[in-house]
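Have a look at the structure below, then the notes.
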Number of protein chains: 4
Amino acid sequence: DKPLSIIAGPCAMESREHALEMASALKEITSKLGIGLVYKSSFDKANRTSANSARGIGLELALPIFADVKESLGIPVLTDVHTAEQCAPVAEVVDVLQIPAFLCRQTDLLIAAAETGAVVNVKKGQFLAPWDMKNVVEKVRGAGNPNVMVTERGASFGYNTLVSDMRALPELAKTGAPVIFDATHSVQQPGGQGATSGGQREFVPVLARAAVSVGVAGVFMETHQDPDSAPSDGPNMVHLKDMPALLERLQAFDSLAKAA
Amino acid sequence: DKPLSIIAGPCAMESREHALEMASALKEITSKLGIGLVYKSSFDKANRTSANSARGIGLELALPIFADVKESLGIPVLTDVHTAEQCAPVAEVVDVLQIPAFLCRQTDLLIAAAETGAVVNVKKGQFLAPWDMKNVVEKVRGAGNPNVMVTERGASFGYNTLVSDMRALPELAKTGAPVIFDATHSVQQPGGQGATSGGQREFVPVLARAAVSVGVAGVFMETHQDPDSAPSDGPNMVHLKDMPALLERLQAFDSLAKAA
Amino acid sequence: DKPLSIIAGPCAMESREHALEMASALKEITSKLGIGLVYKSSFDKANRTSANSARGIGLELALPIFADVKESLGIPVLTDVHTAEQCAPVAEVVDVLQIPAFLCRQTDLLIAAAETGAVVNVKKGQFLAPWDMKNVVEKVRGAGNPNVMVTERGASFGYNTLVSDMRALPELAKTGAPVIFDATHSVQQPGGQGATSGGQREFVPVLARAAVSVGVAGVFMETHQDPDSAPSDGPNMVHLKDMPALLERLQAFDSLAKAA
Amino acid sequence: DKPLSIIAGPCAMESREHALEMASALKEITSKLGIGLVYKSSFDKANRTSANSARGIGLELALPIFADVKESLGIPVLTDVHTAEQCAPVAEVVDVLQIPAFLCRQTDLLIAAAETGAVVNVKKGQFLAPWDMKNVVEKVRGAGNPNVMVTERGASFGYNTLVSDMRALPELAKTGAPVIFDATHSVQQPGGQGATSGGQREFVPVLARAAVSVGVAGVFMETHQDPDSAPSDGPNMVHLKDMPALLERLQAFDSLAKAA
């Protein structure tokens, strides 16, 4: 069992300057702790609750910024893809293609992502049982790509609420794929604010700690220097300034969880 | 309140011959009863549980068959679209573009469907509250297309199970869009057979009757002359031979529900 | 299939005068329609959300009032029992002993109720699957009492919300016991107002209509001449003045559902 | 924050000999580790799925055995009470009165338990939100007893399944009462074997570890030297032989969770 890594960054890419600042801050934090870092940001919020919400800067502007982050800081980057066509161009720059939860059963998207040879991180749909991800993982592997990860991000629990079933983590591990716990979207309250999704930032450390103690390869956590003014997922992103203490704490639980 | 219509047909398009036979049989049944009919079939099962399941005959083969059904039988046709690119070509032939439940928040797909000017039928995601569909409907209308319908098809209820909340029907009606009840997928047991989804065909008439009595514009029901050998959704499709009695029954409940 | 009966009355017994007024009004309404009536009221709200909420007038004051209602109006009466000790004295007066949903698996209570020989109406726990009621019914029958009814009143669906699964009605019917649909508590929002439970009165007719159309022996509906000032369950009780129209409507759906 | 304690023992009391053996074995294990122990056993399984399942040895036989365990081993004991009448006699011997989850809103039972002055441990109903326990705790405190604990044991999640929401633990802590995580019943599959409840013993350490890492006062874990032949809860009890390693592991997570 390798030590915990994190997938972190602001939900949406805002600008080259912002991306480099955030990535650089995260690199500094994680280097000090000896935690692996994958930098995450989205170039398009393709399934916003409302059409009036911001979409993002788009693929063309984002790819050179991802390239800059990689080159200048030497850290791998992850972004989510929404169509089969996006996979190849994105994979020319980006290390990990992430399949959004709503799209986790779209066969063409999974196969197109798989065929790039990049690592594919599939988020488990809010509507799926953990054991259902076996078939999803097989879609990627069946396309010739063994580098697939799976991410738990909560299951539908009544209306506008998700629940994180910690039993899902060992169940997902049975696929043989590294298991990530998405502590940001697990505390989302989908559609919970009418035209936007709400969130419960205070539970991010709670659920992250539980998941790390059960045992995961990594934690996915969105962060921002000013979440309340971020273009998306503000209510559930962690303040950048809180990341060092949170990560140090998670690292301690991870060491304990992975001790023989 | 207009009388009940149905959206019906085999889950997957199998061949020109099969489509014409099924559509013709359904036309005969519904004409006798005076029930409006939209013929439904899928050209692609884009999100099968497992990559090993059959996908469908594809867009190119399917469109001329839909055209034949329309022309020879004079009935409108509906099919589901999975990418923004499919919308325009499909809308050249097909009357109603259906947005699959998993994709009901994909903004680009909704807008591309809307921009064709065809009727757009959006299935409510298993992960959405009924009131969340307000934003979805606005995405279609905001793209200039007032012809949007919404379909209830069950909400996630624990693992591998859906529940149909009848309160969702009046709640969905608040969007102002016609409300369809999908009696086929509401009895689906997602992923419930390991590599395929299960279903509870015996509950189709139960839930359809409940929904019609609460009040809906239409019922969506997949049907097949031999469901158990159908390429998909066999466990929850209704036998074609059972359709006349079932529809007659639903019609009676509909008349009562819509009586002043 | 016998025609629909109703179990109706104010949630809590308030006074002799109020009970006789309500029972008399309900008798008049149901007699006109030819609907069977069982008068319901509770002498004790034994599981209020908060200890600060009103409890009720108690067993000793209530039994003579139930006796009066029976004698003066000639209608059967129902009340809920909370302990094994209450069963025998209550059954001396009351026709139907009702087991509250939270207590539906308390073996001693079920057996004590059964042993009175009175009809026993068991509400399905919010935490039970419909097929789990088979064992509950067997507890009553095993104690020598074949006169057992089962009542659907919603299943837990996330927090502070219930959902009514219409599939539960035919599933419960497999027990062989008459199936009642409780339209009042199915729209309850347990604990949803902090120190009291909320409710959605507007959905009572919706769910009642759905249930009757699926097919039930009876509907349970609490009613009050002034629900908003009632000591309990105000938010989900039906206005007495709305009962005639609602019952007439349900009766029409019931006739249709039970037509050969 | 005091170090972790456990509430442990066989689900049902079987005999004096068995109780003393189990309690003595548990005392030895916990003493070595320096973990506080409350010995748990039930004298009556009052809400078995089926009436055909074993009930237990009863109050009269059980109380002297509890007294023996206390006296000979010097450890506090806990048992569950099902009626208000049982509270006083049980509290003469037993240190902690436990209110079963199904009964957690029965006001009279809560008050009778409170009035004994004994510690009262209330299990959160499977049908309650964590914040709903505030009113439950107030019922006990309002009766003059500040010594109340609350126990999380899973929330209804679809049919025959529970899910453990780790957010419930800090939410329950807001009541000011010590929070216990019941790792045995959280992995129960209620009614999941037809006439008995199933369980997933393999997830006991998973959920216990998650809960301890989030932070709890104690863990409730049923154990048996031969769970598969135990009269109840066999599928979810931990093998006694596995307890030392499991507790040592939990203790390490607890120390970390409670480190400043």
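In what follows, chains are A, B, ... by sequence order, proteins preceding strands, each numbered from 1. All of these numbers come straight from a predicted model, not from anything done at the bench. Side-chain atoms are counted along with the backbone in the values below, which use heavy atoms only and exclude waters and symmetry mates.
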Subject >> Minimum side-chain heavy-atom gap A:Thr83-B:Asp108 below 4.5 Å >> reply: no
Original post:
What distance do B:Glu138 atom CD and A:Asn52 atom CG have between them, rounded to the nearest 0.5 Å?
Top reply: 8.5 Å
Original post:
A:Thr49 and side-chain contact (heavy atoms from CB on, under 4.5 Å): which partner among B:Val136, B:Leu128, B:Asn135?
Top reply: B:Asn135
Original post:
Just how far is it from atom CD of A:Glu171 to atom OH of B:Tyr159, taken to the nearest 0.5 Å?
Top reply: 8.5 Å
Original post:
How many angstroms lie between CG in A:Asn47 and NZ in B:Lys139, if you round to the nearest 0.5 Å?
Top reply: 6.5 Å
Original post:
Is it the case that more than 12 heavy atoms not belonging to B:Lys134 sit under 6.0 Å from its NZ atom?
Top reply: no
**OP:** Give the minimum heavy-atom separation between B:Pro190 and A:Asp132, together with the two atoms involved.
**Re:** O-OD2, 4.2 Å
Subject >> Side chains of A:Leu109 and B:His82 in contact at under 4.5 Å (non-hydrogen atoms) >> reply: no
Subject >> Choice from A:Pro130, A:Ala143, A:Ala101 maximising heavy atom contacts with chain B below 4.5 Å >> reply: A:Pro130
